[in-house]
Amino acid sequence: MEIKQYQIIIVNLDPTVGSEIRKTRPCVVISPNEMNKHLRTITIAPITSKSKDYMTRVKFELEGNDNWIAIDQIRTIDLTRIIKIIGELDTKEIKKVKSIIKETFVD
């Protein structure tokens, strides 16, 4: 399975600890394609359907419902956690994700 940056994938995040987002859920691939091609791990941001309008969350529509990409919950996972690929972000959503990542971790 070839994993590409900004794809939406279904991932089993259990087991978790404390306040980490848990269970099997959609996630956005954050790591770049070059890393995804050569490593046995990828970096993801979980997607949640229940969120407030936090500055570290990107609101978007998935399968007809409002969801949020949790930039504050970015983590690296092993490829064996991936269940399947279900889609990808559009250009507008990618731009917003990049902006929030920059605001949160770079500036």
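Quick caveat, the model's predicted, so the values are computed rather than measured.
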Do Ile42 and Ile77 have side chains that get closer than 4.5 Å, going by heavy atoms?
->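 A side-chain contact exists here, since the closest heavy-atom pair is under 4.5 Å.
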Quick one: are Leu89 and Lys96 in side-chain contact, heavy atoms under 4.5 Å?
->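 No; the side chains remain at least 4.5 Å from each other.
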Short question: side chain of [X], backbone of [Y] - any donor-acceptor pair under 3.5 Å?
X     : Y     : value
Thr43 : Ser31 : no
Gln73 : Pro46 : no
Gln5  : Ile30 : yes

What about [X] and [Y], same hydrophobic cluster or not, with Ile/Leu/Val/Met/Phe/Trp/Tyr joined at side-chain heavy-atom distances under 4.5 Å?
X     : Y     : answer
Val11 : Ile47 : no
Val28 : Ile9  : no
Met35 : Val29 : no
Ile83 : Leu79 : no

Applying side chain to side chain contact (heavy atoms under 4.5 Å, CB included) between Cys27 and each of Ile10, Ile44, Ile74, Ile8, report the one that passes.
->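 When Ile10, Ile44, Ile74, Ile8 are each tested with Cys27, the side chain to side chain contact (heavy atoms under 4.5 Å, CB included) holds only for Ile44.
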Can you tell me how far apart [atom1] ([X]) and [atom2] ([Y]) are? Round to the nearest 0.5 Å.
X     : Y     : atom1 : atom2 : value
Leu13 : Arg22 : CG    : CZ    : 10.0 Å
Tyr6  : Lys98 : OH    : NZ    : 4.5 Å
Thr41 : Asn36 : OG1   : CG    : 8.5 Å
Thr56 : Ile69 : OG1   : CD1   : 11.5 Å
Ile71 : Arg57 : CD1   : CZ    : 9.5 Å
Thr76 : Arg40 : OG1   : CZ    : 14.5 Å

Looking only at heavy atoms, which two atoms of [X] and [Y] are closest? And how far apart?
X      : Y     : answer
Trp68  : Asp66 : CZ3-O, 4.0 Å
Ala45  : Ala70 : CB-O, 3.8 Å
Lys23  : Arg25 : CE-NH2, 3.3 Å
Ile100 : Met55 : CD1-O, 3.5 Å
Glu2   : Gln7  : O-OE1, 3.7 Å

Give the C-alpha distance, both sets of side-chain angles, the deciding distance and a yes or no for side chain to side chain contact (heavy atoms under 4.5 Å, CB included) between Ile101 and Val106.
-> CA-CA 7 Å; Ile101 288 171; Val106 178; 5.6 Å; no
Take atom OH in Tyr54; do more than 12 heavy atoms of anything else shown fall under 6.0 Å from it?
->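 Open: at most 12 neighbouring heavy atoms sit under 6.0 Å from OH of Tyr54.
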Check the pair Glu93 / Val58 against side chain to side chain contact (heavy atoms under 4.5 Å, CB included), numbers first and verdict last.
-> CA-CA 8 Å; Glu93 295 159 347; Val58 177; 5.6 Å; no
Would Arg75 and Ile21 satisfy side chain to side chain contact (heavy atoms under 4.5 Å, CB included), going step by step from the backbone distance to the final call?
-> CA-CA 10 Å; Arg75 69 182 83 174; Ile21 290 181; 3.9 Å; yes
